[in-house]
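In what follows, a single structure is set out as structure tokens and then discussed.
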Amino acid sequence: MQVLVLNCGSSSLKWKLIDAASRQALARGQVERLARTEGAHAAAIDEALRALDGARVDAVGHRVVHGGERFHDPALIDDEVVAAIEACAPLAPLHNPANLAGIRAARAALPGVPQVAVFDTAFHHTLPRRASTYALDPAVAARHGIRRYGFHGTSHAFVAREAAAFLGQPLERLRLVTLHLGNGASACAIEHGHSVETSMGFTPLEGLVMGTRPGDLDAGVVLALLREYGQSVDDVDRLLNQASGLAGLSGVGNDLREVEERAAQGDDRARLAIAVFAHRVRKYVGAYAAVMGGVDAVVLTAGIGENAVAMRRRILQRLDFLGLSLDEDRNADARVSDAKRVADVGDPTSRVRVLVVRTDEELMIAEEAAKVVAGRTAVRQPGPIPIAVSARHVHLNQEALETLFGPGATLTPRNDLSQPGQFACQETVNLIGPRRRIDGVRILGPLRSKCQVEISRTDEFHLGVDAPVRHSGHVEGSAPITLEGPKGTLTLQEGLICAWRHIHMHPDDAKAFGVQDGDEVQVEVHGGPGRDLIFGDVVIRVSPKFRLEMHIDTDEANAAELSQHATGQLLTPEGEELATTAATARLLSRRPTLRRPALTGA
Ligand code: AMP
């Protein structure tokens, strides 16, 4: 599939024609200095199409900066999607109107060619509430959609995927800090494939120092400029968006190469600009390692991340305490290109890997657009899938069992669980958190090699701990918890998780549904009366030992008001062979996704 990727800025249009299957760019171009007049984008797109000289365009992929609360995935564009992007415009007044002008012009110029919007914010929809929430009056925040959204998601997701492939490890086992350091700059903490923290917030102004933006800034500065120092809103806008960051600090401009040159000549402002930039990035690396309870690799990308040798060294020096050390020679020699995307610049003894990865947002947009177009219809797969609400529970190993219940203790089965071979036990333990305790938590058998305690968000708050959302069995770097049994107490350094919602299935089911172990799918849940909901981010777990069943936690079941015998149906975006028989097919991109449930009481 040949995808035309359009990146429409307020004053420029960048385009690339990409063969999604071979990942090859077939043609590319740029139209600069667009007038801020109606029709400028249309003229630029006409110019691009002329340059394409009749080349086949099977789909158009549009970069859209802000998807607001609404878009968690790429969306096939229709009138309703255009209106929804328009509704997000107040959140990104510089970007979304330009993106929309491009969408309108491309729909007019290429009628009948499917068009897909790919959002910079979408990858960050998995931010936990504690990371996405500003500590503001919630009524004000809710009224105006004020929260941390995060940007550069396409780039963070792309380099994370490339890094995992280079390391030969599944993304869902890795904790990464990705640093997109270009003219715009942001950091992202990616835990087991999901964005859990990112430095840009409500707008792309927050976080790292950028080419012309200051990043983090006390909001009081803005108030003082407006109130005490007579600046207008437009003055402050210009200061923050165009006259700050590397350019503002150095007085040289936003190009780091020129700032470095001036610094080498002894210019103090240029030196300070470099020091402030590096310091801010270092601060975020440390913070994000703390957020994830550790880090397996730091990934640098974009203009500065890919090319600026001295800046990489400044950022990553003295991080040995994290188990991270840079190899000076590898760092100096690192070259990345479309042909060789990843360079390893870590010292061979460094526990934390350090990678330079060439980003390619256009390629990612082309791949995402191709996926949406190829599987345009969402198909309700044969079902129904029984849903089980998973109450808080504990898995122990033999050693832990004996510590809690005395030497030689064994588990006493109480009743069988729906998954073959699994059972609930007579034995229970008490969970002791820093804040409060939860008594009588059921142990599930059989014994495992590692201890694991699964709780809900409400439990988390009650106990006074933050537990990461994890797939069962992935407890590395998770939260600590103390267990109390009749014969002893045991503090686990890790093992406490909130379980990621998942579906157990037998390999035969997986074959019938056309999915594989580790796939993430959407499930339409038929809950209580009149309540059909979509659960996104449901992970598939396949084993010959499993029986078909979806597991969600008590918070989610309560929020969805699920009845006891609720069932779900799998929605697969790529169910083409089934699409012909599915009279019920609907567009995936139109579906609302159930948001994480709100905390209740406690
Ligand atoms: P981007 O927005 O990703 O194109 O990145 C632009 C930034 O990358 C500018 O600040 C450039 O100065 C910087 N950059 C590109 N190449 C180099 C280099 N060789 N050394 C230092 N900075 C570079």
Side-chain angles (χ1 to χ4, degrees), residues 5 7-16 25 28-30 32 63 65 94-95 98 120 151-159 162 178-188 199-200 204-205 207-215 241-265 267 269-281 299-316 326 328 330-338 340-343 345 355-365:
V5 177
N7 182 353
C8 269
S10 53
S11 64
S12 70
L13 165 75
K14 286 189 209 147
W15 60 268
K16 223 180 202 183
R28 73 185 76 196
Q30 195 157 338
E32 299 276 9
R63 176 184 181 211
V65 166
L94 290 178
H95 296 100
D120 263 24
F151 299 86
H152 288 147
T154 308
S155 179
H156 288 296
F158 181 82
V159 297
E162 296 290 314
T178 52
L179 302 169
H180 178 107
L181 308 177
N183 199 30
S186 68
C188 187
S199 60
M200 282 178 168
L205 265 179
L208 304 181
V209 176
M210 305 180 218
T212 59
R213 286 167 266 172
N241 279 300
Q242 292 164 33
S244 298
L246 287 176
L249 279 175
S250 70
V252 176
N254 64 346
D255 191 319
L256 178 64
R257 284 165 291 198
E258 288 170 28
V259 180
E260 285 180 335
E261 230 173 271
R262 198 66 76 83
Q265 293 159 9
D267 184 298
R269 279 182 65 179
R271 286 183 175 174
L272 182 62
I274 290 169
V276 174
F277 185 101
H279 172 79
R280 186 79 54 83
V281 183
V299 179
L300 299 104
T301 191
I304 294 171
E306 292 170 28
N307 301 296
V309 173
M311 184 58 89
R312 284 200 299 257
R313 188 187 324 113
R314 267 177 188 280
I315 292 169
L316 298 176
L326 195 69
E328 295 284 349
R330 287 178 171 187
N331 182 42
D333 295 342
R335 301 280 176 279
V336 289
S337 65
D338 289 348
K340 182 183 169 292
R341 287 197 177 276
V342 185
V345 297
L355 304 178
V356 173
V357 179
R358 184 175 179 84
T359 192
D360 195 337
E361 290 163 272
E362 290 86 4
L363 175 57
M364 186 80 170
I365 291 171

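Atoms within each ligand, like the ligands themselves, are counted from 1 in listed order. The chain is numbered in sequence order, starting from 1.
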Note: ligand 1 atoms sitting under 4.0 Å from heavy atoms of N254 are 10 (O)
Hey, does I304 have a side-chain heavy atom less than 4.5 Å from the side chain of F277?
yes
State whether the side chain of R269 and the backbone N or O of G248 hold a donor-acceptor pair below 3.5 Å, judged by distance alone.
yes
Under 3.5 Å donor-acceptor, S155 side chain and T359 backbone:
no
Counting from 1 in the order shown, the ligand 1 atoms closer than 4.0 Å to a non-hydrogen atom of A302 are 3 (O)
Which protein heavy atom lies closest to atom 3 (O) of ligand 1, and at what distance to 0.1 Å?
G303 N, 2.8 Å
May I ask you to check if ligand 1 and L246 share an N or O to N or O distance below 3.5 Å?
no
Taking atom CZ as the centre, does R262 end up with more than 12 heavy-atom neighbours from other residues, nucleotides or ligands that are less than 6.0 angstrom away?
no
How far is atom 18 (C) of ligand 1 from the closest protein heavy atom, and which atom is that?
N307 CB, 3.4 Å
Close side-chain approach of S186 and H156, heavy atoms under 4.5 Å
yes
Show which atoms of ligand 1 fall inside a sub-4.0 Å distance from at least one heavy-atom site of G182.
1 (P), 2 (O), 3 (O), 5 (O)
Atom 7 (C) of ligand 1: which of I304, D255, T301, V259 has the nearest heavy atom?
I304
Measure from the side-chain N and O atoms of R63 to the backbone N and O of I365, and report whether any donor-acceptor pair falls under 3.5 Å.
no
Tell me which one of L181, L256, V309 gets a heavy atom nearest to atom 10 (O) of ligand 1.
L256
R341 side-chain N/O to V357 backbone N/O, donor-acceptor pair under 3.5 Å
no
Could you tell me the residue and atom name of the protein heavy atom closest to atom 20 (N) of ligand 1, and the distance to it rounded to 0.1 Å?
R257 CG, 3.5 Å
Quick note on ligand 1: atoms under 4.0 Å from a heavy atom of N183 include exactly 1 (P), 2 (O), 5 (O), 6 (C)
